[in-house]
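The block underneath contains the structure these notes are about, expressed in structure tokens.
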There are 2 protein chains.
Amino acid sequence: MMQASATAEREAPSARQQAVLDVVLGLMVEDGEQLTMDAVARRASCSKETLYKWFGDRDGLLTATVRWQASRVHAGHDAAQILDGATLRERLQDFAVTWLEVITGPTSVALNRIAIAHAGSRKSNLGGIVLANGRFAIGERVKPVLEAGRAAGLLAFADSEATFRTFFGLVGRDIQIRLLLGETLDFDGAEIRRDAGRAVEQFLALYGQAKPDPNRHV
Amino acid sequence: MMQASATAEREAPSARQQAVLDVVLGLMVEDGEQLTMDAVARRASCSKETLYKWFGDRDGLLTATVRWQASRVHAGHDAAQILDGATLRERLQDFAVTWLEVITGPTSVALNRIAIAHAGSRKSNLGGIVLANGRFAIGERVKPVLEAGRAAGLLAFADSEATFRTFFGLVGRDIQIRLLLGETLDFDGAEIRRDAGRAVEQFLALYGQAKPDPNRHV
DNA sequence: CGAATAGCGTACCGTACCGTACGGTACGCG
DNA sequence: CGCGTACCGTACGGTACGGTACGCTATTCG
């Protein structure tokens, strides 16, 4: 009872606990159906009693897993420097590629499926956590770049939130919903880069002010 | 055993069966968790045995429900006439409004949640049905309009599928994923129309050739 | 009118799974 | 050495739910 649940206390999970959470992620990816406490305990070589001691209940385990995965994605939050047209395009391209790589990954698909299924009922919003660490986290990282671009006279827009949402739509299009609904689109890195490039060009066509490089492959 | 399952045979459901399917939809919207065969039978005032006779099993009932809802959405498939700029814009606006109204509706959200949760396992792809009647159905209706616009010299693009996907992204942006993950965005008709208008303007800015009416409310 | 059929209500079965209890083991510490 | 702690493995209780069986009623049809 000292250690209590890593979920409620929001402490960082221990190495052993992280191993358990990775097992949960693995089971999610394999087959979301067989994600049972017995299966987790068996695969993780730990007892169910320990699972309940650490995570409280099934929802606690799922929540901890979502947080754990989210904590991995948060990478560099590099400060906004002075932008010229080329670096702005490059930064946007990076965001688009990263985002597409994330949402097309099997872990993201499985995690979003679980969270969406859970969002139907009330208790313990996994959906909120996924949104906060996915859609909104990327938004908070992109908007400063957009604003720096505006400050440098490269972009013209009024509402950075609305502008980011357009960028989001141009990048993601129908990909996420199709994957979530079970279609098996396979993207290699090349296709993702091509897709991201198209989205960035279209975004700059809508919001760009100067055009330092008029190559259009739309 | 004469009548057999309305699902397997793909016959149109009888009026009584439609009432049952509407009950299922209602339960889905209310709370996806309590969607149990007992609850359906109780709410629909029919026996579970009848449910199993009509629909085979739980998946059959869900599949029939998805089909039933899909059959309602398929509205006018009006043939493409000659387009001028104003009617092209109007047609696109109509599609955007309709699509946004559908995906923001509680029925669509609940149905997509069920289908996505189901897509995790293999058996009985509700996801495929939802995709076919949602994303792909709207695509097959929009693409002829785009091609008619191109034939009239109003639009310029090479791949109508890719072009539609951009339109899809500009209209939907992050709305569907946020709703599926449990965020409560409430749209009134005015906001939907404004959103659709912005999407259409942006789409025409990317793909339009002539601009007969340069009012920009972006 | 009598038989058959469709369908309602309900009781029931089997199973899957969450959550708990309990015995056994390894390890640190006084 | 002996005690407490942490944990594994497993067995068990409780329950919810999918699916089936059966009795009863109403309607239809010969």
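Everything numeric here is computed off the predicted structure, so don't read it as measured data. Labels below follow one simple rule: chain letters A, B, ... track the order of the sequence lines, proteins then strands, and each chain is numbered from 1.
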- Task: Keeping the roles fixed (side chain from A:D31, backbone from A:E33), state whether a donor-acceptor pair exists under 3.5 Å.
- Result: yes
- Message: From the set C:dG19, D:dC8, D:dA6, return the single nucleotide nearest to any side-chain atom of A:K53.
- Response: D:dA6
Which protein N or O atoms sit under 3.5 Å from an N or O of nucleotides 20-26 of chain C?
{"unit_1": "C:dC22", "atom_1": "N4", "unit_2": "A:E49", "atom_2": "OE1", "d": "2.2"}

- Message: Donor-acceptor pair, distance only, cut-off 3.5 Å: does the side chain of B:T87 make one with the backbone of B:L83?
- Response: no
- Whole angstrom is fine here: how far is it from CZ in B:F55 over to C1' in C:dG7? 13 Å
- Short question: side chain of B:S71, backbone of B:W68 - any donor-acceptor pair under 3.5 Å? yes
- Any A:W54 side-chain nitrogen or oxygen under 4.0 Å from OP1 or OP2 of D:dC7: yes
- Task: Nearest whole angstrom, please: distance from the C1' of C:dG19 to the CZ of A:R58.
- Result: 12 Å
- Query: Looking only at side chains, do A:H118 and A:N125 share a donor and an acceptor under 3.5 Å apart?
  - Reply: no
- Task: Residues of residues 19-46 of chain A with any non-hydrogen atom less than 4.0 angstrom from an atom of DNA chain D: list those, numerically ordered, please.
- Result: A:S45, A:C46
- Rounded to whole Å, CG of A:L62 lies from C1' of C:dG19 at a distance of 15 Å
- Give the intermediate values and the outcome of salt bridge (charged side-chain N to carboxylate O under 4.0 Å, His left out) for residues B:E161 and B:R135. CA-CA 12 Å; B:E161 169 70 11; B:R135 151 68 178 83; 2.9 Å; yes
- Query: CZ/B:R198 to CG/B:L170 distance, rounded to the nearest 0.5 angstrom?
  - Reply: 7.0 Å
- Starting at atom CG of A:D59, determine the distance to atom P of C:dC18, rounded to an integer number of angstrom. 11 Å
- Calculate, to the nearest 0.5 Å, the distance between atoms CD1 and CD belonging to A:I129 and A:Q69 respectively. 13.0 Å
- Under 6.0 Å from the six-membered ring centre of B:F157 and within 45° of its axis: does the NZ or CZ of B:R150 meet both? yes
